[in-house]
A.B. asks: 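Take this structure, written in structure tokens, and hold onto it; I'll ask about it next.
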There are 2 protein chains.
Amino acid sequence: MAVTLADVAARAQVSSATVSRVLSGNYPVSEATRARVLRAVDELDYVLNGPASALAAATSDLVGILVNDIADPFFGIIASAVQSEIGGGQRGGSGEKLAVVCNTGGSPERELTYLTLLQRQRAAAVVLTGGAVEGPEHAAAVTAKLGRLAAAGTRVVLCGRPPAGEEPASAAVTLAFDNRGGAQRLTEHLLALGHRRIGYVTGPADRTTTRHRLEGHRAALATAGLLAGAEELTVHGSYDRASGYDAALELLRRRPDLTAIAAANDTIALGVCAALRDRGLRIPQDVSVAGFDDLPFSADAVPALTTVRLPLQAAGARAGRLAMGREATPPGGVATIRSDLMARASTAPPPEKA
Amino acid sequence: MAVTLADVAARAQVSSATVSRVLSGNYPVSEATRARVLRAVDELDYVLNGPASALAAATSDLVGILVNDIADPFFGIIASAVQSEIGGGQRGGSGEKLAVVCNTGGSPERELTYLTLLQRQRAAAVVLTGGAVEGPEHAAAVTAKLGRLAAAGTRVVLCGRPPAGEEPASAAVTLAFDNRGGAQRLTEHLLALGHRRIGYVTGPADRTTTRHRLEGHRAALATAGLLAGAEELTVHGSYDRASGYDAALELLRRRPDLTAIAAANDTIALGVCAALRDRGLRIPQDVSVAGFDDLPFSADAVPALTTVRLPLQAAGARAGRLAMGREATPPGGVATIRSDLMARASTAPPPEKA
DNA sequence: TCCGTCCCGGCAAGCGCTTTCCGTTGGCCG
DNA sequence: CGGCCAACGGAAAGCGCTTGCCGGGACGGA
């Protein structure tokens, strides 16, 4: 059917072994032969048969990236960075890896299914992003699966996700985001401005990311002696704008006297802003709002959103390099990616007591 | 190394052929045998070797999706819809396809490279999204490549992208977005409100999408006898917010008396809004703003953005079904996806003449 | 001049699966 | 009760590539 290695070999007057070696480049071939082979490849418009190659070599040039939601820029930025690092269609030559972006929708089942699918493809590496769903059964299943992948030679990188099962990094390399610290600094910033009644809008309670950010927030409150009542001021939803909108209204109902709302991510924060506006409240004059992640739109929202910057692009690129085995594993298998408070216009001192 | 079909066969006391048939499901196998095989699969924790399978079957279960920018929700929504349609990690059984999302960054070279990579993987289908870069050499190269893919049995679907080379659909199925009509209706809407000096901010001039939307816009202007001066009121940039911001400032410099700005997409429109605000102009009292695409954030921007809705989710799902061969090819190989004007708060009659 | 080395390239054995081609068996009809 | 058909399962031939092993030639040192 299609052109095969043998066809190229015949045309270039060499054996198929030589053609293979020219293409893979990991064996000395004289310049003359190489040129002849490459010309034949060109003339015949030959394209390597990936599956055959993967079968023989026992590894494919696929790299899987698991994300909770492709349509969310948070993951899009990471995925994009990983992709351009692992090849990105630059050369098309060998060594070029193909990114398989898998949309788990945050479901542990789909996550497992995709991991199996990637295992089936003999993926060269797998990058897991986003917080994991907590719960012993899931954690154990995922850890086991990752262990099997690693055993089969697949590199495993966790990007912005705690080590599976919270135990020492197992076979995976982990780039941990400093969610706890970032959230704590954010809340400290609000406290420093003088806020005392701070609402907190976050995502599903069973996500590690959710928990870590909440812990940071609570830690800051605890230090300020404001832990009492924190429960009432916390609303769980999902990590999207609509959820933020609803949660803000709910908070306003529970505590009409709050002066600030911190959101567990920027997208939620935008929903919160919309809700406040619809209630006729000004930001930040009446209520301060803060987000998390520092997605591109946050800087030029109106007002510019105070948030915590996570260097997603850099983290993704590093994850990509780790996946390619081009960067050394950090000591202990875990590197922490620091987060930075970005104080902007959406936070200000609370209004004077009426 | 890993568990193979033969191992499973041995354990289940059948031949490897039978195991293969049970797993692929396209051959009658008695219930008893099937159960025995499945148990063995389970006990041995067997995972099919994808490459080997693809080699023998001459097709893989990979589906490529080419997008200009993963981090852009426009593409994220389409990609996500395609993915959930082609498998989405639901069952993990057979028939489950894996989506390979490729980020071309709008570069024709990378597009070609990715197509080659997908061809190498013997992808079952390829979905190209977004506007194509115009220019004879690119168009020809892409058309040729798509032809070769189709010849090799890969299904090709163009989603929101004109048929390659603008000629009859070749081997590809096309879901064409009604960019021209949508843009025309949008501008008509502005004209109907009374606007006469309408700025237009768009993307790279060499993209089909850009051209089609611009043509629709111009058609409306022509009908109103306002074509003169349209050139001066048009600014090309890229499809992002920053570009929209700059372009709006540029427009304001050229024609401080304009009363409306139409953008070629919502993201640009947001940048335009930011620029207008920074210039102290109110939307829509001083200047009306309109976008295109109706991305999720547009409905609850402040003010809610008037735009043209493109049913991206539905289009992506349909593209996914076409890629799976689960939906019949539309007559002529081309189906047009209609667009709808969403008149919202960001457009209003122009201010009274001072 | 002869031999040891080093390069380079060929041979051929798989990699693990799919699928064609048959053989076997049991059920059913005549 | 015999023969035929349908349904099922096995044997084996590849799919196209990689790579270990080996051989031949060129070159340099002795």
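Only a predicted model underlies this, so the values are computations on that prediction, with no experimental measurement involved.
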A.B. asks: For B/T116 and B/T113, test the side chains for any donor-to-acceptor distance below 3.5 angstrom and give the result as yes or no.
C.D. replies: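 No - no donor-acceptor pair under 3.5 Å links their side chains.
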A.B. asks: Taking the nucleotide of DNA chain D with the closest heavy atom to each, which residue, B/V14 or A/A52, is nearer the 5' end?
C.D. replies: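 On the 5' side of the pair lies B/V14.
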A.B. asks: Does the side chain of A/S15 get closer than 4.0 angstrom to OP1 or OP2 of C/dC11 through an N or O atom?
C.D. replies: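 Indeed not, no polar side-chain atom of A/S15 lies that close.
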A.B. asks: Counting only side-chain N and O atoms of B/S16, is one of them less than 4.0 Å from OP1 or OP2 of D/dG10?
C.D. replies: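 No.
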A.B. asks: How many Å lie between CZ on A/R34 and P on C/dC8, as a whole number?
C.D. replies: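 About 11 Å, once rounded to whole Å.
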A.B. asks: Specify the separation, in whole Å, of atom CG of B/N49 and atom C1' of D/dC15.
C.D. replies: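 It works out to 13 Å between those atoms.
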A.B. asks: Check the distance between C/dG16's C1' and B/L48's CG and give it to me in whole angstrom.
C.D. replies: 9 Å
A.B. asks: Given atom CD of A/Q13 and atom C1' of C/dG9, what is their separation to the nearest angstrom?
C.D. replies: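 Computing the A/Q13:CD to C/dG9:C1' distance gives 14 Å.
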A.B. asks: Think A/T33 has a side-chain N or O under 4.0 angstrom from the OP1 or OP2 of C/dC8?
C.D. replies: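 A/T33 to C/dC8 OP1/OP2: no side-chain N or O under 4.0 Å.
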A.B. asks: How many whole angstroms separate atom CG of A/N26 from atom C1' of C/dC8?
C.D. replies: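 It is 15 Å, rounded to the nearest whole Å.
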A.B. asks: Nearest of D/dC15, C/dG10, D/dT18 to any side-chain atom of B/L55?
C.D. replies: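 Taking heavy atoms from C-beta onward, the closest nucleotide is D/dC15.
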A.B. asks: Going by side chain to side chain contact (heavy atoms under 4.5 Å, CB included), name the residues that satisfy it together with B/R155, two or more places apart in sequence or in a different chain.
C.D. replies: B/A125
A.B. asks: What heavy-atom pair brings A/I86 and A/L98 nearest, and what distance separates the two atoms?
C.D. replies: CD1-C, 4.3 Å
A.B. asks: Consider the side chain of B/A17, meaning its heavy atoms from C-beta on, and name the nucleotide among C/dT18, D/dA11, C/dG9 that approaches it most closely.
C.D. replies: D/dA11
A.B. asks: The side chain of B/R21 is closest to which nucleotide in this list: D/dT18, C/dT20, D/dC8?
C.D. replies: C/dT20
A.B. asks: Begin from the C-alpha positions of B/K97 and B/L62 and carry the test side chain to side chain contact (heavy atoms under 4.5 Å, CB included) through to its verdict.
C.D. replies: CA-CA 6 Å; B/K97 296 280 186 292; B/L62 256 32; over 6 Å; no
A.B. asks: I want to confirm an ordering. Mapping A/A56 and B/Y27 to their closest nucleotides on DNA chain C, which one lands closer to the 5' end?
C.D. replies: A/A56
A.B. asks: Roughly how far, to the nearest 0.5 Å, is CG of A/L115 from SG of A/C102?
C.D. replies: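 Answer for the SG-CG pair, A/C102 versus A/L115, is 8.0 Å.
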A.B. asks: What is the separation between atom CG on A/L5 and atom P on D/dC15, rounded to the nearest whole Å?
C.D. replies: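 That distance rounds to 13 Å.
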A.B. asks: On the nucleotide D/dG16, are OP1 or OP2 found under 4.0 Å from the side-chain N or O atoms that A/T4 carries?
C.D. replies: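 For A/T4, the contact criterion (side-chain N or O under 4.0 Å from OP1 or OP2 of D/dG16) is not met.
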A.B. asks: Measure from CZ on A/R36 to C1' on C/dG10 and round the result to the nearest Å.
C.D. replies: 13 Å
